Asks: 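Input: one structure, supplied below.
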Amino acid sequence: MKEDVFPRTAEFEGYRLTALGGVRLEDLTARFGTPLYVLDRAELIGRMRTYRQAFGPDVGVAYAAKALCVVGVLQLAAAEGLHLDVASGGELHTAARARFPMERVLLHGNNKSVEELEYAARLGVGRVVVDSFSELDRLAEIAKRTDHTFNVLLRITPGVLPDTHGFIATGQDDVKFGFTLSAGIAHEAVARVLAFDRLCLRGAHCHIGSQITATHSFAAAAELMLSFFSDLRSAYGIHLAEFNLGGGLGIAYLQSDVMLAIEEYADALLGAVRSGAARHGLAVPRLFVEPGRSIAGPAGVTLHTVGTIKRVRGARTYVNVDGGMSDNLRPALYGSRYTVCAAGPGYTNALMIPFTVAGKHCETGDLVAQDVLLPDDLAEGDLLVTAVTGAYGYSMASNYNRLPRPAVVLVGDGHTDLLVRRETLDDVVSHDLPLVRS
Ligand SMILES: Cc1ncc(COP(=O)(O)O)c(C=O)c1O
């Protein structure tokens, strides 16, 4: 069923998606145009709640803002009692605009600038996840100069390579992030933090990757990290109070994708942490997780309008839409596959035939989805919808070919909130300065 990859409020007429969150798609496109990102409020909030319920009150669930970082979404995450993972000054600034409680914010990044760290100090960010020795020095210097105490977690790469795309595997030794566990670098980092007065070591963090579909890599990472906790107790007599296992739960982009439910993932992680702590004779540290994709991804869809159609005899038929890699980079970046179907008003009994949906950018690799079944009478002006674009869609959007970035709307209970307005052509050139001297 196509319905499986769409938000629960999706309404279909035949093969066409006609409404989301109680709002008709033709009303949305009449008001906001296309391309358009549409977020389903019930699905988004439902996923935040499922995470909190599945992990229980003792676990901190931090929404990974990188998946979709706009003020309205961060306001919802704050209201749902989530923590927040931000990975840059820009994401932190968005959190500040959303009035996100700063004690629940964690600042990430493998190359945080002095300005970003100072901004975090001024805002009173709850935790900084330190990624390198140079960052430790920067942080210690800022702490001293500003008389600010930072709560610190160390980002550890435990040496676990999950089964996912190489660009989004992050827990192996040969990677740019964090302190490597196997080489003893993580132990050295602990010794360094303990030497600084105004850096308070709260715990350790690892994030092994994204779009992970099985629990064994998480369990392996948990075991390595808890063994590290145990070593630290023997070496320094310290007990780290917090263990952040990162994000990474995979989601279904296609109907055929078989994925873990949030509850199964939570049970596996909680089980691994409790049994690992018991094995090493440790008190169970406070667990944190940082889901991004599995909260925002399935809550979002993208609407495009069909433009030109090109039939290549003996090959495929291309449907070219009014967006593409500028609103969803993932197919070009990772070869990611998506579910696309017809949308909007009307009903068709037409035959379903394969089409390749392409964008309007000057790249052959600018494909929205290949070989998807669409009505054979598809015509210029028709609407198409791509499912599961809520995460890493808008957040990775660009102005490539100087396309204005689309609007983002939130729909629910028949209401629509505009979260991000569509850019205009003037917005696109607004930072350009003409040469004064020609
Ligand atoms: C440190 C960290 N935490 C959390 C996440 C979120 O991962 P996901 O969106 O797969 O849940 C990422 C994603 O890259 C990350 O780098």
Side-chain angles (χ1 to χ4, degrees), residues 44 47-48 50-51 54-55 59-69 73-74 77 82-88 91-92 95 104-112 125 127-132 135 152-158 160-172 175-179 203-215 217-218 221 225 242-253 257 259-262 265-266 268-269 287-300 328-330 333-334 336 388-396:
L44 188 63
R47 288 180 164 269
M48 293 176 181
T50 304
Y51 257 103
F55 277 96
V59 175
V61 176
Y63 169 60
K66 55 185 72 77
L68 176 59
C69 189
V73 171
L74 302 196
L82 269 59
H83 292 245
L84 187 69
D85 147 9
V86 295
S88 70
E91 290 183 359
L92 181 55
R104 284 194 258 143
V105 175
L106 303 97
L107 177 62
H108 272 285
N110 66 305
N111 184 19
K112 303 177 192 74
V125 157
R127 292 164 185 80
V128 176
V129 185
V130 177
D131 214 281
S132 67
E135 185 189 332
V152 164
L153 271 76
L154 293 177
R155 177 158 182 174
I156 310 294
T157 44
V160 173
L161 180 61
D163 186 14
T164 188
H165 193 288
F167 289 2
I168 48 175
T170 51
Q172 65 274 34
V175 74
K176 68 175 180 171
F177 300 104
F179 299 100
H205 170 284
C206 72
H207 169 76
I208 56 172
S210 200
Q211 187 59 8
I212 298 170
T213 56
T215 56
S217 303
F218 294 113
M225 292 292 287
E242 294 179 9
F243 174 23
N244 186 323
L245 239 172
L249 176 62
I251 54 173
Y253 286 93
D257 290 341
M259 293 291 152
L260 293 166
I262 293 171
Y265 164 74
L269 262 55
L287 180 65
F288 282 77
V289 285
E290 293 170 343
R293 184 190 308 273
S294 50
I295 287 182
N328 187 4
L329 187 59
R330 295 187 68 257
L333 192 59
Y334 314 125
S336 310
V388 197
T389 57
Y392 305 109
Y394 177 75
S395 65
M396 286 185 168

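Indexing begins at 1, ligand by ligand and atom by atom, following the structure's order. This one's a predicted model, so the numbers in the text were calculated from it and none came from an experiment.
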Asks: Is the positively charged end of R155 above the ring of F177, judged by distance under 6.0 angstrom from the centroid and angle within 45° of the axis?
Replies: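 Here R155 passes the 6.0 Å and 45° test against F177.
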Asks: With side-chain contact (heavy atoms from CB on, under 4.5 Å) as the test, pick out the partner of F179 among D131, L154, T157.
Replies: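 Testing each of D131, L154, T157 against F179, the sole residue satisfying side-chain contact (heavy atoms from CB on, under 4.5 Å) is L154.
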Asks: Heavy atoms, side chains only, cut-off 4.5 Å: are V160 and F218 in contact?
Replies: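 No, side chains not in contact.
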Asks: Distance under 4.0 Å to a non-hydrogen atom of S210: what atoms of ligand 1 satisfy this?
Replies: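 Those of ligand 1 that fall under 4.0 Å from S210 are 7 (O), 8 (P), 9 (O), 10 (O).
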Asks: For the side chain of S395 and the backbone of A67, is there at least one donor-acceptor N/O pair under 3.5 Å apart?
Replies: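 Confirmed, S395 side chain pairs with A67 backbone.
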Asks: For V129, which part has a heavy atom under 4.0 Å from ligand 1: side chain, backbone, both, or neither?
Replies: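 Neither part.
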Asks: Could you tell me, atom by atom, which parts of ligand 1 come under 4.0 Å of a heavy atom of D85?
Replies: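 Contacts of ligand 1 toward D85, numbered from 1: 2 (C), 3 (N), 4 (C).
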Asks: List every atom of ligand 1 that sits less than 4.0 Å from any heavy atom of G292, numbering the atoms from 1 in the order shown and giving each element.
Replies: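 It comes down to these atoms of ligand 1: 8 (P), 9 (O), 11 (O).
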Asks: Would you check the N or O atoms of L249, main chain and side chain alike, for any that come under 3.5 Å of an N or O of ligand 1?
Replies: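 No, no N or O pair falls under 3.5 Å.
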Asks: Is a side-chain donor-acceptor pair under 3.5 Å present for H205 with E290?
Replies: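 The criterion, which ignores hydrogens and geometry beyond distance, is satisfied for H205 and E290.
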Asks: Taking atom types as modelled, is there a side-chain donor on S294 or Y51 under 3.5 Å from an acceptor on the other?
Replies: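 A donor-acceptor contact under 3.5 Å links the two side chains.
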Asks: Provide the number and element of each atom of ligand 1 under 4.0 Å from a heavy atom of R155.
Replies: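 Reading through ligand 1 atom by atom, the close ones are 1 (C).
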Asks: For Y392, take its heavy atoms, then give the atoms of ligand 1 lying under 4.0 Å from any of them.
Replies: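 It comes down to these atoms of ligand 1: 6 (C), 7 (O), 8 (P), 9 (O), 13 (C).
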Asks: Give the atoms of ligand 1, by number and element, whose distance to some non-hydrogen atom of A64 is under 4.0 Å.
Replies: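 Counting from 1, the qualifying ligand atoms are 4 (C), 5 (C), 6 (C).
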Asks: Identify which of H207, R293, H205 has a heavy atom lying nearest to atom 7 (O) of ligand 1.
Replies: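 Checking each option, the heavy atom nearest atom 7 (O) of ligand 1 is found in H207.
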Asks: Measuring from atom 13 (C) of ligand 1, which candidate in E290, Q211, H108, K66 has the nearest non-hydrogen atom?
Replies: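 Of the listed residues, K66 has the closest heavy atom.
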Asks: For ligand 1, which atoms, with element, lie under 4.0 Å from some heavy atom of G248?
Replies: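 Listed by number with element, the hits are 7 (O), 8 (P), 10 (O), 11 (O).
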Asks: Applying a strict 4.0 Å limit to heavy atoms, is F177 in contact with ligand 1?
Replies: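 F177: no contact with ligand 1 (<4.0 Å).
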Asks: Is the ring centre of Y63 less than 6.0 Å from the ring centre of H83?
Replies: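 Between H83 and Y63, which both carry aromatic rings, the centre distance is not below 6.0 Å.
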Asks: Taking the non-hydrogen atoms of A67, is any one of them nearer than 4.0 angstrom to ligand 1?
Replies: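 False for this residue.
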Asks: So if I count the atoms of ligand 1 from 1 in the order they appear, which ones are less than 4.0 Å from some heavy atom of G247?
Replies: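 Atoms satisfying the 4.0 Å criterion: 4 (C), 11 (O).
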Asks: Answer whether the closest heavy-atom distance between the side chains of R127 and V152 falls below 4.5 Å.
Replies: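 No, their side chains stay 4.5 Å or more apart.
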Asks: Given 3.5 Å as the limit, does a donor-acceptor pair link the side chain of R293 with the main chain of S210, or not?
Replies: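 Judged by distance alone, no pair lies under 3.5 Å.
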Asks: Measuring from non-hydrogen atoms of S294 to any atom of ligand 1, is the shortest distance under 4.0 Å?
Replies: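 False for this residue.
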Asks: Using a strict cut-off of less than 4.0 Å between a Lys/Arg side-chain nitrogen and an Asp/Glu carboxylate oxygen, indicate whether D85 and K66 qualify as a salt bridge.
Replies: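 Yes, D85 and K66 are salt-bridged.
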